[in-house]
Asker: 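Take a look at this one; I'll ask things after.
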Amino acid sequence: MGSLFFVLSLIFGCKEPLQKPIRVESMALDTVCQFTFYRTSDSQHASGGEDVLAHIDSLFNRHSQDSELYRVNREASSRVSPDFQFLVERSLDFARLTGGAFNPALGALVDLWGIGSEAPRIPDPGEIEKTLDNCRWEGIIIDEGSVVKPLETRLDLGGIAKGFAADQIREHFKHNSVESAIINLGGNVLVMGEKPDGSAWKIGVQNPHSNRGDYVGILHLRDTSMVTSGNYERYFEERGIRYHHLFDGRTGYPANNGLSSVTVITRSSLEADALSTSLFVMGLDKGFALASHLDGTEALFITEDGNIYLTSGLEEIFYLSNDSFTLSSL
Ligand code: AMP
Ligand code: MG
């Protein structure tokens, strides 16, 4: 049967998927990365892209002393690789687009709070104010292959690097004739094509008020990316207050605006990633307005009081499955 299929594929140039999905799991950028993909007769030897991930990790892992980012953060001026320069440029584009809600220069503030580290703490207001002086994205300059910035300014590309990685993995798969895949970098999801049976991929939107694996509903997606930023991902609590990892660079505190999560759907995972972080920090009204204004971009906002707001392109493809949430409109 296998050889008959092989012969038919040669004759008809047919790219039927070989039925069994391949699953690959590895760690990169402090995240569990899972890929599920279908090989076709054209892509029998496609790898899972582990080398692509390892390369990206060597550029942008903030916690590895061997990474390019680690080196750049210790200097005022550094020669950087083309991929590094590209991601810094894109992150500055989003800083401009969002009026600084997306801020790739928040490294010193992220370190001060230590959210997600073993010793997170609420800093004194004076410390926060002093640290914010070193978090000005306007002070980052790209100059002929170098990143130039005040010595004390530290880049943090954690809000955009996973999206870049997902896009790169898509390119790797495409290059190897894989047409059908789910790339999941710790909730940063990119779906390639559709399922081999021709139906849409069905991806759950995490319930931000509950454990991982519990969904508010399902999105039916084809050939796009879906990225969520939520206040449940990294946080600590003190005296009943949650301090999470999505910072408002104007105040130096975690954004506290009634949102629990924002999910962005757009073809580029880099854009979905940068925008999900940005829209969360901008809040419901401004974030919704920006998402509605951007072509090919959709978003789903979930508030602390259990309301869900969808941009118009999601109305037909989002299926609410959890009755503690209500679909609302602005
Ligand atoms: P994400 O999970 O993509 O929303 O990214 C969150 C990560 O982005 C945080 O852990 C920080 O490293 C970084 N980050 C936090 N606040 C911001 C912000 N306002 N702009 C850009 N990056 C941020
Ligand atoms: Mg992000």
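Numbering of ligands and ligand atoms starts at 1, following listing order.
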Asker: Within a distance under 4.0 Å of any heavy atom of Ser229, pick out the atoms of ligand 1 and give their elements.
Answerer: 1 (P), 3 (O), 4 (O)
Asker: Going by the closest heavy atom to atom 13 (C) of ligand 1, which one wins out of Asp273, Leu246, Asp156, Asn103?
Answerer: Asp156
Asker: Numbering the atoms of ligand 1 from 1, which are under 4.0 Å from a heavy atom of Val281?
Answerer: 19 (N)
Asker: To check you understand the geometry: which heavy-atom pair defines the closest contact between His245 and Gly230, and what is its length?
Answerer: CE1-O, 3.3 Å
Asker: At what distance is the nearest protein heavy atom to atom 17 (C) of ligand 1, and which residue and atom is it?
Answerer: Leu106 CD1, 3.6 Å
Asker: So, at under 2.8 Å, which protein N, O or S atoms would a careful student list around the Mg ion (ligand 2)?
Answerer: Gly159 O, Asp273 O, Asp273 OD1, Thr277 OG1
Asker: What about Phe280 and His244, are their ring centers closer than 6.0 Å?
Answerer: yes
Asker: With ring centroids as reference points, do Phe288 and Tyr309 lie under 6.0 angstrom apart?
Answerer: no
Asker: Any chance the rings of Tyr319 and His220 have centres within less than 6.0 Å?
Answerer: yes
Asker: Can you tell me if Asp51 has over 12 outside heavy atoms packed within less than 6.0 Å of its CG?
Answerer: yes
Asker: Is the shortest heavy-atom distance from the side chain of Leu279 to the side chain of Leu290 under 4.5 Å?
Answerer: yes
Asker: Is it true that Glu127 and Lys130 have a side-chain N and a carboxylate O under 4.0 angstrom from each other?
Answerer: no
Asker: Is Glu152 salt-bridged to Arg136, going by a charged N under 4.0 Å from an acidic O?
Answerer: no
Asker: Of the protein's non-hydrogen atoms, which lies at the shortest distance from atom 16 (N) of ligand 1, and what is that distance?
Answerer: Phe247 N, 3.0 Å
Asker: Check Ala101 against ligand 1 and report side chain, backbone, both or neither, counting heavy atoms closer than 4.0 Å.
Answerer: backbone
Asker: How does Val227 reach ligand 1, by side chain, by backbone, by both or by neither, if only non-hydrogen atoms under 4.0 Å count?
Answerer: neither
Asker: What about the rings of Tyr253 and Trp113, do their centers lie closer together than 6.0 Å?
Answerer: yes
Asker: Would you call Asp111-Arg62 a salt bridge at under 4.0 Å N-O?
Answerer: yes
Asker: If the threshold is 4.0 Å, N to carboxylate O, is there a salt bridge linking Arg90 and Glu271?
Answerer: yes
Asker: Identify, for atom 5 (O) of ligand 1, the protein heavy atom at the shortest distance, and state residue, atom and that distance.
Answerer: Gly159 CA, 3.3 Å
Asker: Counting non-hydrogen protein atoms only, what is the nearest one to atom 23 (C) of ligand 1? Give residue, atom name and distance.
Answerer: Thr277 CG2, 4.0 Å
Asker: Do me a favour and list the nearest non-hydrogen protein atom to atom 15 (C) of ligand 1 with residue, atom name and distance?
Answerer: His245 O, 3.1 Å
